[in-house]
Amino acid sequence: MNIFRLAGDMTHLASVLVLLLKIHTIKSCAGVSLKTQELYVIVFATRYLDIFTSFVSIYNSLMKLIFLGSSFSIVWYMRYHKAVHRTYDREQDTFRHWFLMLPCILLALLIHEKFTFFEVMWTFSLYLEAVAILPQLVLLQRTRNIDNLTGQYIFLLGGYRGFYILNWIYRYFTEPHYVHWITWISGLVQTLLYADFFYYYFLSWKNNKKLQLPA
Amino acid sequence: ANEEESHDEL
């Protein structure tokens, strides 16, 4: 474990806590894409398949349970909790996210480190996570103004993978034979997808204005 | 033998 990875995990944890806080306290999921949340459930479900078979550390298992539990409960809230579900704008959140999964599974079957069920599933979850934010960013373009919590959620979610990139660079230079091109490239693509959001988020913060992405 | 390399990152 290194400081970059810890910062990444804490930023990721903060993003799901911000979203849970928003949904649980103000009972609103306005501006939040259910499609992205559903993709994240699949990302965690396919990435942590080995949660009971391979033990890395208490920290690792605990965080996996937290990410699994939070992503499932966010989807549950947005789908089945009456008050929250009412604030979900279904008309705007129309990204066909199931179509995102197909290329990811095909790519995972073609490009992976080992052709085993667990490894292909794990690689699929990496590719899927790289594009999971797309429905949320599309929704953001459509809903004119978004509230601070949703903006912070997206900012933290994008930032965590940025810390992971620093972690991979650090591990590359400190651990011999630590080379994982698949992880590095999909992590880089994932972070780059946030580039324009980061730009407009920074502008809104600098000019102290509401965050608005250009249509 | 290289032990089963499990993924140690989240």
Side-chain angles (χ1 to χ4, degrees), chain A residues 1-2 4-13 16 43-44 46-57 59-68 70-71 112-114 116 118-119 121-123 125-126 129 160-161 163-165 167-168 170-171 175 177-180 182-184 186-187, chain B:
Chain A
M1 172 61 82
N2 60 64
F4 303 112
R5 183 143 69 100
L6 186 63
D9 290 341
M10 292 305 109
T11 306
H12 192 188
L13 180 64
V16 292
V43 165
F44 292 133
T46 50
R47 184 162 317 172
Y48 301 152
L49 284 172
D50 62 352
I51 188 169
F52 299 114
T53 54
S54 85
F55 176 79
V56 174
S57 70
Y59 169 82
N60 188 273
S61 302
L62 182 66
M63 292 299 279
K64 285 176 176 176
L65 290 172
I66 291 173
F67 287 139
L68 281 165
S70 57
S71 56
H112 42 259
E113 285 183 6
K114 270 192 317 255
T116 64
F118 277 122
E119 190 61 26
M121 282 286 105
W122 186 82
T123 312
S125 87
L126 269 186
E129 188 188 1
Y160 110 84
R161 216 61 180 160
F163 278 121
Y164 256 77
I165 291 174
N167 152 64
W168 292 323
Y170 176 84
R171 292 187 74 175
E175 295 174 28
H177 318 304
Y178 181 79
V179 177
H180 290 288
I182 292 174
T183 312
W184 299 343
S186 54
Chain B
N2 69 326
E3 43 97 28
E4 175 70 21
E5 187 194 325
S6 72
H7 297 289
D8 63 350
E9 292 181 346
L10 289 169

Student check: side-chain heavy atoms of Asp50(A) and Lys64(A) closer than 4.5 Å
yes
Toward chain B, the part of Phe44(A) with a non-hydrogen atom under 4.5 Å:
neither
Check ion pair Arg171(A)-Glu9(B) (N to O, under 4.0 angstrom)
yes
Decide yes or no for Arg161(A) and Thr11(A): does some side-chain heavy atom of the first lie under 4.5 Å from some side-chain heavy atom of the second?
no
Of the listed residues (Trp122(A), Tyr164(A), Tyr59(A)), which shares the most heavy-atom pairs with chain B below a 4.5 Å separation?
Trp122(A)
Is the shortest heavy-atom distance from the side chain of Met10(A) to the side chain of Met63(A) under 4.5 Å?
yes
Part of Asn60(A) within contact of chain B (heavy atom distance under 4.5 Å):
both
Counting only non-hydrogen atoms closer than 4.5 Å, does Phe67(A) touch chain B with its backbone (N, CA, C, O), its side chain (CB onward), both, or neither?
side chain
